[in-house]
Amino acid sequence: MTTEYAPIPVTVIGGFLGAGKTTYLNRLIQGGLPPDVLIIVNDFGDINIDAALIDYQDDNVMQLSNGCICCTLGGTLAEQLAQALRIRAAPGAILIEASGVADPARIADIARLSRRLRLAEVVCLIDGSQARRHATDPLVGDAWRAQVLAADTLQVNRLAPGDKRELEQWLSDFNPRARIECETEEAPADTPVQPSLSPRPSSPASNRTASHGHWHTFSLSGRGSIDKARLAALIEAYRDVLFRAKGFMLAESTDDIELLQFSGDRLHWQPALRAPGETRLVFIGIAGERFSAFEQAVKTLLENPSSSASSE
Ligand SMILES: Nc1nc2c(ncn2[C@@H]2O[C@H](COP(=O)(O)OP(=O)(O)OP(=O)(O)O)[C@@H](O)[C@H]2O)c(=O)[nH]1
């Protein structure tokens with residue numbers, strides 16, 4: 001005799017690097033997520049920073065790091081899901097936070113193809129202050145547009161109030177079937193440690209098309225401290241190829257572990273609440289000589305590091 005289970009609803013949370021996926025997930029949790037939800041977090045880097053930032057019971061947070069679940073880790077996701085459904089009571093729902101370079105449509109397909117799962121929704125987070133730049137950026141435009149097109153809901157944050165109507169119209173021309181939710185704010189809620197960085201310098205003309213295969217990530221970990229001002233200067237200097245930096249670092253100036261966030265045009269540090277006792281930083285950018293030079297320069301900032309890198 002076979003028992004029929006109701007398929008488990010799966011929500012895919014996608015969006016570009018730093019678009020606000022983890023922040024959105026934490027808001028869902030704070031809003032009262034039932035305790036039987038399984039959260040799967042895919043971080044492109046080999047250290048899963050997002051999982052450490054998600055405020056949910058650890059047993060129900062599954063981490064997939066060092067690659068992207070929409071391609072190299074796709075099989076891993078399917079296997080881990082199948083195993084999770086075998087060894088534990090079936091979750092009431094599954095939330096998948098995709099990596100910032102993933103095509104959420106491919107992850108949604110995994111849910112569509114399983115009899116045990118039902119695709120509930122694909123949500124795409126958008127940093128409203130960066131939307132037009134990302135959409136037209138020759139390096140990342142394809143990835144950004146694929147994410148927007150895959151969405152049932154476009155969840156926009158960091159949008160200047162005066163831009164709301166125009167951006168909504170522009171997004172709905174892009175993806176007419178998506179529901180659009182815009183959150184406007186006069187100024188970013190986060191306090192930048194330093195003034196907003198200057199506009200992103202244009203990249204060298206050659207080899208500007210970054211498909212999924214052109215991302216590179218490296219991480220740094222160790223007990224040494226880092227000089228914030230020198231790191232900020234390097235991030236500023238390599239912003240043409242660096243798209244995301246995040247993680248925990250022991251700051252030389254304060255001797256505290258702080259959370260570093262760099263996305264869009266903003267770099268800032270804030271006190272780290274659930275920090276590991278050492279520096280753990282992840283950097284994601286476009287593979288090539290410039291990103292390698294950035295990697296070498298960053299690595300000289302941390303004493304006695306243990307580091308690793310990978311590309312896709
Ligand atoms: N002002 C403001 N900042 C936000 C909002 N959502 C996210 N951020 C900031 O944007 C940065 C990245 O946010 P995350 O939630 O980590 O973004 P993410 O999409 O999970 O990042 P990746 O997983 O690395 O792609 C952090 O500094 C957040 O504080 C928002 O609604 N308003």
Side-chain angles (χ1 to χ4, degrees), residues 12-31 39-56 61 63-70 73 95-104 107 123-131 134 140 143-144 147-148 151 154-161 163-164 167 181-194 196-197 212 215 217-219 235 242-249 258-274 280-285 312:
V12 180
I13 301 170
F16 192 62
L17 293 162
K21 300 176 288 296
T22 307
T23 306
Y24 174 79
L25 199 45
N26 273 333
R27 282 194 198 156
L28 292 182
I29 294 166
Q30 282 153 15
I39 295 178
I40 299 174
V41 191
N42 177 214
D43 235 349
F44 184 60
D46 68 335
I47 302 177
N48 200 315
I49 302 292
D50 286 354
L53 298 176
I54 289 174
D55 210 3
Y56 198 61
V61 179
Q63 308 178 23
L64 295 173
S65 309
N66 209 11
C68 177
I69 41 175
C70 88
L73 292 180
L95 298 179
I96 302 178
E97 181 185 337
S99 85
V101 299
D103 180 352
I107 302 167
V123 180
C124 176
L125 273 291
I126 295 177
D127 176 349
S129 69
Q130 304 295 318
H134 285 154
V140 302
W144 189 92
Q147 291 170 344
V148 170
L154 297 172
Q155 188 77 39
V156 186
N157 57 55
R158 284 166 278 185
L159 182 61
D163 288 348
K164 184 170 186 288
L167 194 86
E181 301 281 343
C182 285
E183 270 181 42
T184 55
E185 46 186 71
E186 290 294 345
D190 307 311
T191 312
V193 159
Q194 54 192 18
S196 255
L197 299 169
H212 208 129
W215 294 104
T217 177
F218 70 93
S219 62
I235 288 175
L242 175 68
F243 278 81
R244 184 80 168 108
K246 61 181 172 181
F248 306 97
M249 60 175 265
E258 297 184 29
L259 174 63
L260 171 147
Q261 290 276 12
F262 170 69
S263 67
D265 273 343
R266 288 206 298 278
L267 165 67
H268 68 265
W269 284 269
Q270 64 196 64
L273 300 178
R274 294 170 65 197
R280 284 188 197 166
L281 290 174
V282 170
F283 300 86
I284 303 171
E312 254 183 36

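Just follow the structure's listing: the first ligand is 1, and inside any ligand the first atom is 1.
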What atoms in ligand 1 come closer than 4.0 Å to a heavy atom of [X]?
X: L17; value: 25 (O)
X: A19; value: 17 (O), 19 (O)
X: K246; value: 22 (P), 23 (O), 24 (O)
X: D50; value: 23 (O)
X: E97; value: 20 (O), 23 (O)
X: G20; value: 6 (N), 7 (C), 13 (O), 14 (P), 15 (O), 17 (O), 18 (P), 19 (O)

Winner among [options] once heavy atoms are compared against [atom]:
atom: atom 12 (C) of ligand 1; options: R266, Q155, R244; result: R244
atom: atom 13 (O) of ligand 1; options: T23, T22, L259, V282; result: T23
atom: atom 5 (C) of ligand 1; options: R158, Q270, E185, H268; result: R158

For ligand 1, note which part of K21 has a heavy atom under 4.0 Å away: side chain, backbone, both or neither. both
Are the side chain of N42 and the backbone N or O of E97 linked by a donor-acceptor pair below 3.5 Å? no
Quick one: does any side-chain atom of Q147 pair with a main-chain N or O of G100 as donor and acceptor, under 3.5 Å? yes
For D127, enumerate each residue passing the salt bridge (charged side-chain N to carboxylate O under 4.0 Å, His left out) test, keeping only those at least two apart in sequence or located in another chain.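 Result, salt bridge (charged side-chain N to carboxylate O under 4.0 Å, His left out) vs D127: R158.
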Only one of L95, V61, V123 forms a side-chain contact (heavy atoms from CB on, under 4.5 Å) with L25, so which one is it?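 Single pass found, and it is L95.
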Does the side chain of L242 come within less than 4.5 Å of I235's, by heavy atoms?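 Of all side-chain heavy-atom pairs linking L242 with I235, at least one is under 4.5 Å.
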Would you say I47 and K246 make side-chain contact, with heavy atoms under 4.5 Å?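 Heavy-atom side-chain distance check fails, nothing below 4.5 Å.
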Under 4.0 angstrom from ligand 1, any heavy atom of R27?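 Flag set, R27 near ligand 1.
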Would you call G18 a ligand 1 contact, heavy-atom distance under 4.0 Å? yes
Quick one: sort the F243 and H134 rings into parallel, tilted or perpendicular, breaks at 30° and 60°.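 Ring orientation, 0 to 90° scale: tilted.
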Check side chain to side chain contact (heavy atoms under 4.5 Å, CB included) between P271 and all other residues, then give those that pass, not counting sequence neighbours. none
